[in-house]
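I'd like to ask you about the structure that follows.
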Amino acid sequence: MIKKGLTGYFEDFLKKEPIFVNKSVLQSNYHPIEIPHREGQMNQIAQTLAPALRNNKPSNLFIYGKTGTGKTVSVNHTADQMLGVAAQNGNKNLKVIYINCKLKKIADTEYRLIAQLSRELGKEIPITGLPTDEVYKIFFSALEEKRTTLILVLDEIDQLMKKTGDEILYNLTRINSELTNSQVSIIGISNDLIFADNLDPRVKSSLSEEEIIFPPYNALQIQDILKQRSSKAFKEGVLEPGVIEKCAAYAAREHGDARRALELLRVSAELAERNGRAKVSIHDIDDAEEKIERERVVDIVIAQPKQFQTTLYSILQVSAGQRGLISTGEVYEVYKKVCYKTGTRPLTQRRVSDIVAELDMLGIINAKVTSKGRYGRTREIELAINDSILNKTKKILEKDLDLNTEG
DNA sequence: GTCAATTCACATGAAAGAGACCACGGTCTAGTG
DNA sequence: CTAGACCGTGGTCTCTTTCATGTGAATTGACGA
């Protein structure tokens, strides 16, 4: 593009009426002032937490609900309100720590979680190198020093448990008996409704003194949320009629995920803006959905380690050669060949089997274990992405793995 | 035809190793007064 | 004498291997009608 064209483009861009007034309202880290359709749940949370204002230990609380049902926002909002009241009344001994256990390298192991907690309390902890019980000691002493009522919000706690077992929770629930000046109560947030059933019964009973379930939003509720946010995010009349309804319908189809609905709306508007249109139309939503999905897959694929990429590439190869379902064995055979070509040492089938399972978790493939009777038992693998995304993925993989297309 | 045993092709679990990263304490070394 | 470099030890973490055990239904083969 020539220079003049570029300046022209920028000038045009400025001249155009912006679609967004405040885009951040639609982003996932935005904290809304009002949370529609969650009044009941927030009241329950408030009731549970209220004793903390008098420096009594609140009951432990367990919150269930699928993604995008407003769990995290509701908890944070309620906690903020409570902290506000506490501050007004001069109560400085109340502290809320929010930790998302899914964040890699931050809180996804026992050591890291406790280390992160200690950091929140103002202690310097190295990212590795110390024995775990040493970190516990530091955490304990920090707590004792502070003389606080600590409310610990552990988001996506199921992920942590899956990785590390329930020992951490056991330690944390016992913590109060060892503290004299401080007290800790735990709010666990889980996406997985049946997760608590696999916990140690002792942990389970002490952790779920109170339980709240966040049901999925229905389409109408999502519409309310979208309307409320879009009134702040967009200029009046930017959205064509039916846009909000369609976004809501898409998201409601996906177990009432409000986060997804908001993302869809934001990306739709971005697309409209980029194409120089002043209004967001229904068609933008379809494009947006495609774009979100494509970027999600591409991001995942790029972020994977070599072995994952190799495995995925093998799956792509096999599935290109035949229609229908693929078995682990077939994938492994191709995988070994691919490894030979790229000069990497192949992993054992055991490991590849795990990788396939993980790719399934990431939603790039669908893998279901089925028994074929006399002919054994295997995962039936199929790709969970459409053709255009698939081709793009394949190119990325070939580039990353240094493969040429032929063969 | 019926029913239990067999069998396949992996899945799934547990344990343990390799290698990267890191903290800590002790020892060595070079620079300083 | 002291600050900083350098080492060994012991810890975590991730990825992986090894060994062991589990599993669901098509197939088989014995059995009886």
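Letters go in sequence order (proteins before strands), and every chain restarts at 1.
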- Message: Tell me whether the side-chain N/O atoms of A/Thr328 come closer than 4.0 Å to OP1 or OP2 in B/dA11.
- Response: yes
- Message: Both A/Ile355 and A/Thr109 contact DNA chain C. Taking the nearest nucleotide for each, which residue is further toward the 5' end?
- Response: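 Checking each residue's closest nucleotide, the 5'-ward one belongs to A/Thr109.
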- Message: By the 4.0 Å heavy-atom rule, please label A/Arg112 as base, sugar-phosphate, or nothing.
- Response: sugar-phosphate
- Item | Lys/Arg-Asp/Glu bridge criterion (N-O < 4.0 Å) met for A/Asp155, A/Lys71 | no
- Distance, rounded to the nearest Å, where A/Ile138 contributes CD1 and C/dG11 contributes C1':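 My rounded result for the distance is 13 Å.
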- Touch check for A/Thr370, heavy atoms < 4.0 angstrom, all strands: base, sugar-phosphate only, or nothing?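 Answer is nothing: A/Thr370 stays at 4.0 Å or more from every strand.
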- Message: Please classify the nucleic acid contact of A/Asp133 as base, sugar-phosphate, or nothing, using heavy-atom distances under 4.0 Å.
- Response: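 Nothing, no nucleic acid heavy atom in range.
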- Task: Would you indicate which nucleotide in C/dT17, B/dC10, C/dT14 comes nearest to any side-chain atom of A/Asp108?
- Result: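 When the side chain of A/Asp108 is considered, C/dT14 is the closest of C/dT17, B/dC10, C/dT14.
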- Could you check if a side-chain atom of A/Tyr136 sits within less than 4.5 angstrom of a side-chain atom of A/Ile175, using non-hydrogen atoms only?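 Counting from C-beta outward, A/Tyr136 and A/Ile175 never come under 4.5 Å.
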- Query: Mapping A/Leu130 and A/Val356 onto DNA chain B by nearest heavy atom, which one lands closer to the 5' end?
  - Reply: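 Whichever sits nearer the 5' end wins; that is A/Val356.
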- Task: Check every strand shown and say whether A/Glu134 touches a base, only sugar-phosphate, or nothing at a heavy-atom separation below 4.0 Å.
- Result: nothing
- Message: Surrounding NZ of A/Lys92 (heavy atoms of other residues, nucleotides or ligands, distance under 6.0 Å), is the total greater than 12?
- Response: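 Count not over threshold, so no.
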- Task: Please report, rounded to the nearest Å, how far the C1' atom of C/dT23 is from the OH atom of A/Tyr375.
- Result: 18 Å
- Item | Nucleotide of C/dA25, C/dC15, B/dA11 approaching A/Thr378 most closely (side-chain heavy atoms) | B/dA11
- Rounded to the nearest angstrom, tell me the gap between atom CZ in A/Arg379 and atom C1' in C/dG24.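 So the two atoms are 15 Å apart, to the nearest Å.
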- Considering only heavy atoms from C-beta outward, does the side chain of A/Leu264 approach that of A/Glu289 to under 4.5 Å?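 The answer is yes; the side chains approach within 4.5 Å.
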- Query: Does A/Thr132 place a side-chain N or O at less than 4.0 Å from the phosphate oxygens OP1/OP2 of C/dG11?
  - Reply: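 For C/dG11, OP1/OP2 do not have a side-chain N/O of A/Thr132 under 4.0 Å.
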- Name the closest nucleotide to the A/Ser327 side chain, picking from C/dC15, B/dC10, B/dC8. B/dC10
- Verify side chain to side chain contact (heavy atoms under 4.5 Å, CB included) between A/Asn176 and A/Lys57, making sure each step is shown before the conclusion. CA-CA 9 Å; A/Asn176 284 308; A/Lys57 179 191 169 305; 3.1 Å; yes
- Tell me: CG of A/Asp354 to P of C/dC15, nearest whole Å? 12 Å
- Query: What is the distance from NZ of A/Lys372 to P of B/dA11, rounded to the nearest Å?
  - Reply: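 It is 12 Å, rounded to the nearest whole Å.
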- Task: Mind calculating the distance between CG (A/Leu347) and C1' (C/dC15) to the nearest angstrom?
- Result: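 Roughly 9 Å, once rounded to whole Å.
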- Query: Of the nucleotides C/dT28, C/dT17, B/dA11, which one has an atom closest to the side chain of A/Arg345?
  - Reply: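 Comparing C/dT28, C/dT17, B/dA11 against the side chain of A/Arg345, the answer is C/dT17.
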- Query: From the list B/dA23, C/dT16, C/dA26, which nucleotide is the closest neighbour of the side chain of A/Gln307?
  - Reply: C/dT16
- Message: I want to verify a distance call: between C/dT28, C/dT17, C/dG24, whose nearest atom is closest to the A/Arg377 side chain?
- Response: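 Comparing C/dT28, C/dT17, C/dG24 against the side chain of A/Arg377, the answer is C/dG24.
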- Query: Closer than 4.0 Å, any side-chain N/O of A/Ser371 to the OP1 or OP2 of C/dT23?
  - Reply: no
- Tell me: NZ of A/Lys368 to P of C/dT23, nearest whole Å?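 Atom NZ in A/Lys368 sits about 19 Å away from atom P in C/dT23.
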- Task: Please state how far atom CD1 in A/Ile125 lies from atom C1' in B/dA23, giving the value in whole angstrom units.
- Result: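 For the pair A/Ile125 CD1 and B/dA23 C1', the rounded distance is 12 Å.
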- Message: Angle between ring planes, A/Tyr332 versus A/Tyr335, binned at 30° and 60°: parallel, tilted or perpendicular?
- Response: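 Because their plane-to-plane angle is under 30°, the rings of A/Tyr332 and A/Tyr335 count as parallel.
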- Query: Between C/dT17, B/dC22, C/dC13, which nucleotide gets closest to the side-chain atoms of A/Tyr111?
  - Reply: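 Minimum distance to the A/Tyr111 side chain belongs to C/dC13.
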- Query: Of the nucleotides C/dT16, B/dA11, C/dT27, which has the atom closest to the A/Val369 side chain?
  - Reply: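 The listed nucleotide nearest to A/Val369's side chain is B/dA11.
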- Task: Compare the minimum distances between each of C/dT17, B/dG13, C/dT27 and the side chain of A/Arg350, then state the nucleotide with the smallest one.
- Result: B/dG13
